[in-house]
Amino acid sequence: MDLESSILFEDNHLLAVNKPAGVLVQGDQTGDPSLIDYAKAYLKVKYNKPGEAYIGLVHRLDRPVSGVTLLTKTSKALTRMNQVFADGRVTKCYWALTAEIPPAESGQLIHWLKKDQTKNRTRVYGKERHGAKRSELRYVLNKTINGKHLLEVFPKTGRPHQIRAQLAAIGCPILGDVKYGFKGKASSSIGLHARSLQFDHPVKKEPLLIEALIPLNSYWQPFAN
C-alpha cells in the first residue's frame with residue numbers, strides 16, 4: 001500500500017487515510033501488514049524518527065471495507081478523539097451498494113446485535129436480548145444504476161459489522177458480502193465505503209470534514225461520475 005498517496009488529511013495531531021479494501025486496519029493472526037504498520041513506517045521516514053513512530057487508532061474498518069480511517073499522531077489527540085466518538089459528536093457517512101432495493105427509500109433501523117467471536121459474525125435480533133447491544137442507523141436511497149442501489153448510511157452507534165448485518169436483516173446484503181447473505185463469489189472487497197467523517201478538531205476545535213473518493217473497481221465504477 002502506498003500510504004502517502006492515500007492521505008486525506010494530516011496535521012500535527014491527526015492522520016486520515018483512504019484505506020483500500022483488503023488492507024487490515026490493525027494486525028491480526030494472519031501477520032499481514034496493517035494500516036498502522038504502513039502509517040508508522042511513513043511517519044518514521046517523513047520525520048526521520050530514530051525509534052518507532054506513535055500511531056493511535058480511533059476507530060476500525062473491516063478488512064473488505066474501504067474509506068476514511070482516522071488515526072492520531074499523539075496520545076493526547078487519541079484520548080480526545082475517543083471521547084468525541086464516545087459522546088456521539090461525530091457524523092459518519094457510509095456508501096453501501098446492494099442488489100436488492102430497500103423496503104423504503106429512507107428509514108431508521110434499530111436492532112440488537114451480538115458478535116459471535118468464534119465465527120467472526122454478528123447476529124441480529126429484533127428486540128432486546130441478553131448480551132446484544134442496541135444498534136441504530138439511518139439510510140437514504142441515493143440512486144440506482146444498472147440494478148445496483150447506492151445507499152447513504154448514517155450509523156448512530158458503532159457496533160462490529162453493524163451496517164453489514166443490519167442491511168442484510170432487511171433483505172439488502174451488501175454486494176460481495178457473502179458472510180451476510182450476498183449470493184455470489186467471495187471477494188477481498190465488498191460494496192461498503194466509509195465516505196466521510198465530520199467532527200470538531202480535538203485540539204483546534206474547528207469543524208473538520210474528511211471525505212474519501214470511492215474505489216474505481218467493478219462495484220463502484222458506475223457511480224464514479
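The figures that follow rest on heavy atoms only: side chains count, while hydrogens, waters and symmetry mates do not.
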Chemist: Is it true that the side chains of His193 and Ser66 contain a donor and an acceptor less than 3.5 Å apart?
Modeler: yes

Chemist: Any heavy-atom pair between the side chains of Val140 and Leu151 that's under 4.5 Å?
Modeler: no

Chemist: Do Val153 and Val65 belong together in a cluster built from hydrophobic side chains that touch within less than 4.5 Å?
Modeler: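 Result: yes, single cluster for both.
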
Chemist: Between Tyr180 and Thr122, is a side-chain contact (heavy atoms from CB on, under 4.5 Å) present by the stated rule, with each step listed?
Modeler: CA-CA 9 Å; Tyr180 288 97; Thr122 293; 3.5 Å; yes

Chemist: Heavy atoms only: give me the nearest Pro207-Asp200 pair and the separation to one decimal.
Modeler: CA-OD1, 3.5 Å

Chemist: About how many Å separate CG of Asp116 and CZ of Arg123, when rounded to the nearest 0.5 Å?
Modeler: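 If we round to the nearest 0.5 Å, Arg123:CZ and Asp116:CG are 5.0 Å apart.
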
Chemist: Could you walk me through whether Glu52 and Lys44 pass the salt bridge (Lys or Arg N to Asp or Glu O under 4.0 Å) check?
Modeler: CA-CA 7 Å; Glu52 185 176 69; Lys44 184 176 176 64; over 6 Å; no

Chemist: Tyr139 vs Leu109, test: side-chain contact (heavy atoms from CB on, under 4.5 Å). Steps then yes/no.
Modeler: CA-CA 8 Å; Tyr139 74 85; Leu109 304 183; 4.1 Å; yes

Chemist: Tell me whether Ile210 is reachable from Phe85 by hopping between hydrophobic residues (I, L, V, M, F, W, Y) whose side-chain heavy atoms are closer than 4.5 Å.
Modeler: yes

Chemist: Check this for me: Lys156, atom NZ, are more than 12 non-hydrogen atoms of other residues, nucleotides or ligands nearer than 6.0 Å?
Modeler: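 Count not over threshold, so no.
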
Chemist: Heavy atoms only: give me the nearest Arg134-Arg159 pair and the separation to one decimal.
Modeler: O-NH2, 2.9 Å

Chemist: List the steps, then state whether side-chain hydrogen bond (donor to acceptor under 3.5 Å, both in side chains) holds for His111 with Ser135.
Modeler: CA-CA 5 Å; His111 296 97; Ser135 305; over 6 Å; no

Chemist: Does the Lys NZ or Arg CZ of Arg195 fall within the cation-pi geometry relative to Trp95 - under 6.0 Å from the ring centre and within 45° of the axis?
Modeler: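 Because its charged atom sits under 6.0 Å from the ring centre and within 45° of the axis, Arg195 does stack over Trp95.
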
Chemist: In this structure, which one of Leu213, Leu97, Leu175 forms a side chain to side chain contact (heavy atoms under 4.5 Å, CB included) with Trp220?
Modeler: Leu97

Chemist: To the nearest 0.5 Å, what is the distance between NE2 on His59 and CG on Asn82?
Modeler: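 Nearest 0.5 Å value for the NE2-CG distance: 10.5 Å.
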
Chemist: So which atom in Cys93 and which in Glu152 form the shortest heavy-atom distance, rounded to 0.1 Å?
Modeler: SG-OE2, 4.4 Å

Chemist: Once ring pair (Phe, Tyr, Trp, His ring centres under 6.0 Å) is applied, do any residues pair with His201, and if so which ones, sequence neighbours excluded?
Modeler: His13

Chemist: With a sphere of 6.0 Å drawn around CD of Gln221, does it hold more than 12 non-hydrogen atoms of other residues, nucleotides or ligands?
Modeler: yes

Chemist: Does the side chain of Val124 come within less than 4.5 Å of Lys114's, by heavy atoms?
Modeler: no

Chemist: To check you understand the geometry: which heavy-atom pair defines the closest contact between Tyr219 and Gly176, and what is its length?
Modeler: OH-CA, 3.1 Å

Chemist: Please find the pair of heavy atoms, one from Val23 and one from Leu35, that lie closest to each other, and give the distance.
Modeler: CG1-N, 4.1 Å

Chemist: Consider side chain to side chain contact (heavy atoms under 4.5 Å, CB included). Of Leu70, Val90, Leu14, which one does Leu208 pass it with?
Modeler: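 Checked Leu70, Val90, Leu14 against Leu208; only one passes side chain to side chain contact (heavy atoms under 4.5 Å, CB included): Leu14.
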
